[in-house]
Amino acid sequence: MKYDFAAIEKKWQDKWDEAGIFRASDDHTKPKFYALVEFPYPSGAGMHVGHIKAYSGLEVISRKRRMQGYNVLFPIGFDAYGLPTENYAIKTGTHPRIVTDRNIAKFTSQLKRVGFSFDWSRVVDTTDEGYYKWTQWIFRKMFDAGLVFRATTLVNYCPHCKVVLSNEDSQGGKCDICHSEIVQKSKDVWYLRITAYADKLLEGLEKVDYLPNIKLMQQNWIGRSEGAFANFALTGCDESLRIYTTRPDTMFGVTFMVIAPEHPIIEKYRDRIANIDALDAYREECAKKTEFERTQLVKDKTGVRIEGIAAVNPANGREIPIYISDYVMMGYGTGAIMAVPAHDERDYDFAKKFGIEIIEVIKGGDIAKEAYTGDGEMVNSGFLNGIQTKKEAIAKMLEYLEEKGVGERGVQYKMKDWAFNRQRYWGEPIPIVHCPKCGMVGVPYEELPLKLPPVENFEPGEGGESPLAKIESFVNCTCPKCGGPARRETDTMPQWAGSSWYFLRYCDPHNENELASMDALKYWMPVDWYNGGMEHVTRHMIYSRFWHRFLYDIGAVPCEEPYAKRTAQGLILGPDGDKMSKSKGNVVDPNDVVDVYGADVLRVYVLFMGDYASAAPWSESSVKGCKRFLDRVAALNEIVSGRENPKLEVMFHKTVKKVTEDIDEMKFNTAIAALMTLLNEITDAGSLTKEQLMTFVKLLNPFAPHLTEEIWESLGGHGFLAETAWPEWDEAKTVDDEIEIAVQISGKLKGTILIPKDISKDDAIAAAKADEKIAGLLAGKQIVKEIYVPGKIVNIVAK
RNA sequence: GCGGGUGUGGCGGAAUUGGCAGACGCGCAAGAUUCAGGUUCUUGUGGGGGCAACUUCGUGAAGGUUCAAGUCCUUUCACCCGCACCA
């Protein structure tokens, strides 16, 4: 039976809104469940079916948990600062505030149309003054704690967006926002010292329940490596060259050293270097290359030997040459390496090209052909000779270096400090004042929020400075410390700032005195379950874990880690199997689906289409299948009868169990399939009781809340279905009294028999042998072995 | 190159972790309803063989362990994702 979904959905959305049944309660005595989904960036394009899938997972879990008696916090908000809005504002001359408000209104109405059970009383907007006041407050606290600094470095710069990007935002040499080629630019920029938290972020992973691949990605991103620092004395000067290595065991095999082209020692000893012109020429060439060209394209080793300075190997006192080459990066370790061509592929390539000696120090490979990186017996290594394992050799060498005072154990991370700024308008102003006398001074806490001033022209300056720099009334200020004239910082924070703590604000969104009260935080935090996209696993998640851990360290939040559990949904691909994109024209608009099939169908389909964590293509005809399912459910009213069909009882207990367990494991597709199977059984049976239909709609309610509320009401159910208790099952009733099991002879399936469920092994085997067909096949054969797996199978091995 | 993952019908995908492979849905075929199209309902639907009961092959490929393998082991191929000259 077709039902009027448009009318039903509107009716119940209004009723829910009016009654406020999805508001999290302030009753802190109830068990809590905090479910978090990544709040959207309110773009002009509106919502995408991907958003629907991303939110539907925890939506279903939240609805079920409410019915199970939890006080559920399932909030939503808007991550509204960012470049697309600003670019749109530049193009159309509309203020970003107006664009943002318009987009938020659009998203809100779309989300409500789908019937998500968000707590709309706790909406957070990162561009709201009451919100970004606390974003600035956290920044100020970090500034006070010495975690904020400025440095002139080569930065990733997008000439199109005219902004500096973090390493995370410029992966693959492309701008994450507009995808144009990144160039390297020397610039004075803000950094957050996230590397100071590298170990804490790594250790924190041991305490949380993230999907294994998510944990691994974060571990790789932080990239901790253990090794040693060692100082190689330089000939002709009092200084030594410091290197980092993970293989101190190979030190007797060092035949040269390599430093990064930007290494400061070149400038320092310019006068002593005989071939400084050649070095300068090489360095200039390197500077022209983008980071992308340097790391991705150029696998051929290039370099120049430094003449006039040499190094001394602290292991054996040998004098060795030093080269500059761009295969050594200034940004990792010390920007200098000891090269062991026999046991490192890169050093091997370099040595081959420049004709440098290759000394084997570990047996096991053929160094005439290639570098050997495996384990083996130490040779040509003085006091290390004869040692069999890498571990032991490393320990011995470290001992030696420490004794002589030329090296020590060390740890390095791949993760770099976080470039924290944008030279654009639509972001949180950085609350810092530059005073000619006092230097950098934080804007006093009582002056926060430092409001974004009204601007007419959002175009960034040609030199890459923020539009704020053009506003004299904003820039000119007095120093909070000495009262003298000073200039205000005009950079704004990057997009990731506002999203680094939004989950805390949800706990207490209207608090004017704190970012959230400790009381609320103690009750709600940590987030019990956070679901989002894989693309945010390394950036947003690492950043927010860092902020949260910092807030813990200053006593502002009660727990170390913000997220107890993290999962990720798979992409929805276009009907053609490609990633949905405007340019391919394969984007599905959720509004269109709701118009034609209704919100319940959309919700059921995005969860039924496949494994929640995997990518799956959109299929219009499968959507129709879900529509058919709900139409058939809507018709169940017609076959409600007073008499109970005993066949259905076991089926109901089984389904309650299956749906309950599957939802908790995010196996939504099989939960829905189980409900479809039950529906088929009901149809076969021809009737069901009112109580059974009530149970059915409870199970379906988290997936299709509108239709099920309607059926509940028509059955005379009390109150909202969404507020009733989740069904229970009786384990003993989940199995039929009589079960069908398979009978195999020598492992080959030969038939099936019906046996009572609690039958003994002997009886089961006897029953199998009594089967006419089986008996015939066994005739004249000798039975070797008899196997009975309860409830599964009988296998008779016969010769 | 390193790390992780995935390969099951025409398609999306199931399979209590070693126990009847293909649940559920789509699609397709036949029939019913309908003036007709659509909708809805019924039945069938992995491949080969057979009128049939049945039989045989079958989870990317090849080998192995086991009474029993999609699932465990070895080798191998293809695709996807992340990182990438990280010393």
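Just so you know, these numbers use all the heavy atoms, side chains as well, and skip hydrogens, waters and symmetry mates.
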Taking [atom1] from [X] and [atom2] from [N], how many angstroms apart are they, rounded to a whole number?
| X | N | atom1 | atom2 | answer |
| --- | --- | --- | --- | --- |
| A/L630 | B/U40 | CG | P | 13 Å |
| A/I741 | B/C67 | CD1 | P | 20 Å |
| A/L607 | B/C24 | CG | P | 20 Å |
| A/M609 | B/A14 | CE | P | 12 Å |
| A/K654 | B/A23 | NZ | P | 16 Å |

Minimum-distance nucleotide to [X] side chain [options: [options]]:
| X | options | value |
| --- | --- | --- |
| A/S225 | B/A21, B/A87, B/G27 | B/A87 |
| A/A673 | B/A23, B/G4, B/G12 | B/A23 |
| A/T677 | B/A87, B/G12, B/C24 | B/C24 |
| A/L216 | B/G25, B/A15, B/G3 | B/G3 |
| A/M217 | B/G27, B/C20, B/G82 | B/G82 |
| A/K773 | B/G25, B/U55, B/C20 | B/U55 |
| A/N680 | B/A87, B/G4, B/G25 | B/G25 |
| A/R632 | B/U55, B/C24, B/C41 | B/C41 |
| A/T670 | B/C67, B/A14, B/C20 | B/A14 |

If you measure from the [atom1] atom in [N] to the same atom in [M], how many Å do you get, rounded?
| N | M | atom1 | result |
| --- | --- | --- | --- |
| B/C35 | B/U39 | C1' | 16 Å |
| B/G1 | B/G19 | C1' | 42 Å |
| B/C79 | B/A87 | C1' | 32 Å |

Any side-chain N or O of [X] under 4.0 Å from OP1/OP2 of [N]?
| X | N | result |
| --- | --- | --- |
| A/K667 | B/C24 | no |
| A/R628 | B/C26 | yes |
| A/N669 | B/A14 | yes |
| A/N220 | B/A84 | no |
| A/Y244 | B/A87 | no |

Let me spell it out: for each of A/K748 and A/D611, pick the nucleotide of RNA chain B with the closest heavy atom. Which residue's pick is nearer the 5' end? A/D611
Under a plain distance cut-off of 3.5 Å, with no hydrogens placed, do A/S760 and A/D763 share a side-chain donor-acceptor pair?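 Side-chain D/A pair, A/D763 to A/S760: present.
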With heavy atoms under 4.0 Å as the rule, sort [X] into base, sugar-phosphate or nothing.
| X | result |
| --- | --- |
| A/A336 | nothing |
| A/Q412 | nothing |
| A/I787 | base |
| A/G223 | nothing |
| A/D347 | nothing |

Is [N] paired to anything, Watson-Crick or G-U wobble with both distances less than 3.5 Å, and if yes, which nucleotide?
| N | result |
| --- | --- |
| B/C41 | B/G31 |
| B/A61 | B/U75 |
| B/C2 | B/G82 |
| B/C51 | none |

Where the side chain of A/K769 meets the backbone of A/A775, is there a donor-acceptor pair that is under 3.5 Å apart? no
Classify the angle between the aromatic ring planes of [X] and [Y] as parallel (below 30°), tilted (30 to 60°) or perpendicular (above 60°).
| X | Y | result |
| --- | --- | --- |
| A/F350 | A/Y327 | tilted |
| A/H343 | A/Y372 | perpendicular |
| A/Y3 | A/F5 | perpendicular |

What about A/K301, does its side chain sit under 3.5 Å from the base of B/C85 through a donor-acceptor pair? yes
In this structure, are over 12 heavy atoms from other groups packed under 6.0 Å from A/E665 atom CD? yes
Non-hydrogen side-chain atoms of A/T734 and A/V650 separated by less than 4.5 Å: no
